[in-house]
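Below is one structure, written out as structure tokens; comments come after it.
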Number of protein chains: 2
Amino acid sequence: MSARPRFREQVLQAREDAIVASVNRLLAEKGFEAMTVDEVVADVGIAKASLYKHFTSKEELAAAAMVKVLDRALDEITRLQAEPLDALGRLQAVARWTYAQQLAGQMPSLPAQNSTLRTALTTDKAYMERLMQLTDGLGAWIVEAQGQGALDATLPPELVLYTLFARACDPVLGVMRAGGAYSDAQIVDWLVRTCFRGLGS
Amino acid sequence: MSARPRFREQVLQAREDAIVASVNRLLAEKGFEAMTVDEVVADVGIAKASLYKHFTSKEELAAAAMVKVLDRALDEITRLQAEPLDALGRLQAVARWTYAQQLAGQMPSLPAQNSTLRTALTTDKAYMERLMQLTDGLGAWIVEAQGQGALDATLPPELVLYTLFARACDPVLGVMRAGGAYSDAQIVDWLVRTCFRGLGS
DNA sequence: GTCTATAAAAGGATAGAC
DNA sequence: GTCTATCCTTTTATAGAC
């Protein structure tokens, strides 16, 4: 019952933020399975037992990182709502933002298939809440763009949604950059272009 | 030095095939990291030590499965060369085949990021040989399609190649099927369509 | 809450009998 | 070559002192 608990709280919060930042980076770099808790604590510079005071499991650790990513995405969506863009322009901006995040090593790659993490995430309230917010917000834009004839209205909105984010899960971006022949901006442009207009001419 | 070694050889070959088939399925289902050798031997119904007489490591096991997948893909390419199709039609057929394989649970998903498996694969002669064959064959079709104006000629052929196969790495297909609202054929159609013509109308 | 030290379990790989 | 039994490393998670 200290008279000034705020400072201590801030220190703890800062440490948690540092942990989540490390997790986010490692998750983007090697994925959930390959990331070890030992790596995380080594990166942050704390003892493992300390980490487990903040997060009770590796899954919860990853969930915290995912929550933060979703928060960043929701912030971006809010920001875009103030821009003078139509629905299609906003969706393209979201796609661009996503690929840029991935290029910056900020986009965690989750196991696409069944795993302990998947089930942990679906029962994580904070995660699911944000995920639904994101789905609702983008879903509205998609339907709007389809209504305006800017997106193929015969495609189910959910397919459009998943396709938008699919590139964040596949290795194309990383492989293209590994080649070293093209700039990051060029690669992102191509990805946005092929996402919305396909490979055809 | 038995007089009739053929029968025994066939039995061994059949066992190896059973192992590779299991690996292929598990690799498609959960990925390399999440798949355990214990699961494989349980699935095949043999002892772990027996498996290690055939394959010296988990990586080699996965490589064998990948070689088989590439062989199937090369067979498909050979088959398509006999079809009365133009370059674009052949590429679309390859895409369709790939997505169908994934839907059938036959397309192993490899870790996109660095891992022990990646390095093992790049030093696997059988794997690299087939990979280059595949790349060459498809690369020729891509350049041809671009020359005919059927594909955007401003895109690097390698980007086109990776994009074609990217959907085999992302979760869209699986998630769409999990929804249960659409037939497999419908989903594959949509994926091929969005790959070549994008989300726009 | 943070640390050191350690438990507990999983998973890759092998020894040795048959 | 196949089996049982085992080794050994890695990794998740916790006990207990400060």
Side-chain angles (χ1 to χ4, degrees), chain A residues 1-2 4-20 22-23 26-27 29-65 111 113-121, chain B residues 1-2 4-20 22-23 26-27 29-65 111 114-121 124:
Chain A
M1 299 281 182
S2 159
R4 303 183 56 192
R6 295 295 292 278
F7 177 69
R8 166 145 295 180
E9 273 173 26
Q10 277 186 12
V11 170
L12 291 185
Q13 185 59 48
R15 172 153 285 191
E16 283 204 2
D17 288 346
I19 294 172
V20 171
S22 275
V23 170
L26 287 168
L27 229 40
E29 193 180 312
K30 27 202 333 185
F32 179 72
E33 315 273 1
M35 176 188 83
T36 70
V37 178
D38 284 304
E39 282 173 327
V40 175
V41 296
D43 193 49
V44 179
I46 60 174
K48 189 148 55 168
S50 304
L51 183 145
Y52 274 99
K53 293 284 182 180
H54 292 275
F55 305 94
T56 65
S57 71
K58 187 185 173 186
E59 282 77 15
E60 192 181 308
L61 205 55
Q113 303 91 345
N114 319 330
S115 72
T116 60
L117 179 56
R118 278 284 166 200
T119 63
L121 283 178
Chain B
M1 300 278 181
S2 159
R4 305 182 56 193
R6 295 296 293 277
F7 176 68
R8 167 145 295 184
E9 274 174 26
Q10 278 188 10
V11 169
L12 291 185
Q13 186 60 47
R15 173 153 286 193
E16 283 204 3
D17 289 346
I19 294 172
V20 171
S22 274
V23 170
L26 287 168
L27 230 39
E29 192 179 312
K30 29 201 334 183
F32 180 72
E33 316 271 2
M35 176 189 82
T36 70
V37 177
D38 285 299
E39 282 173 327
V40 175
V41 297
D43 193 50
V44 180
I46 60 174
K48 189 148 58 165
S50 303
L51 182 145
Y52 275 98
K53 293 287 181 181
H54 292 275
F55 305 93
T56 65
S57 71
K58 187 186 173 185
E59 282 76 16
E60 193 181 308
L61 205 54
N114 319 329
S115 72
T116 60
L117 179 56
R118 279 283 165 201
T119 64
L121 283 178
D124 185 314

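As the structure is a prediction and not an experimental result, all values here were calculated from the model.
Using a 4.0 Å cut-off, no side-chain N or O of A:Arg8 falls inside it from OP1 or OP2 of C:dG1. Remark: B:Ser50 is in phosphate contact with D:dC3, judged by side-chain N or O atoms under 4.0 Å from OP1 or OP2.
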For this session: Assign a letter to each nucleotide of nucleotides 5-18 of chain C from its 5' end: B, base within under 4.0 Å of a protein heavy atom; S, sugar-phosphate only; -, no contact.
Result: ------SBBBB---

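The CG atom of B:Leu51 sits 13 Å away from the C1' atom of D:dC3 (whole-angstrom rounding). Protein atom CZ of A:Phe55 is 15 Å distant from nucleotide atom C1' of C:dT2, rounded to whole Å. Rounded to an integer number of Å, the gap from B:Ile46 CD1 to D:dC3 P is 7 Å. Look at CD on B:Gln13: it is 15 Å from C1' on D:dG1, rounded to the nearest Å.
Closest approach of A:Phe32 and A:Lys58 over heavy atoms only: O-NZ, 2.9 Å. Closest approach of A:Ser57 and A:Tyr52 over heavy atoms only: CA-CE2, 4.0 Å. Here the closest heavy-atom approach between residue A:Lys48 and residue A:Val41 is recorded as CA-CG1, 3.7 Å. Contact detail for A:Ala65 and A:Val20: the closest heavy-atom pair is CA-CG1, 3.8 Å.
Exactly one of B:Ile46, B:Val44, B:Leu61 qualifies for a side-chain contact (heavy atoms from CB on, under 4.5 Å) with B:Ser22. That residue is B:Val44.
A distance of 10.5 Å separates CD of A:Gln10 from CG of A:Leu12, quoted to the nearest 0.5 Å.
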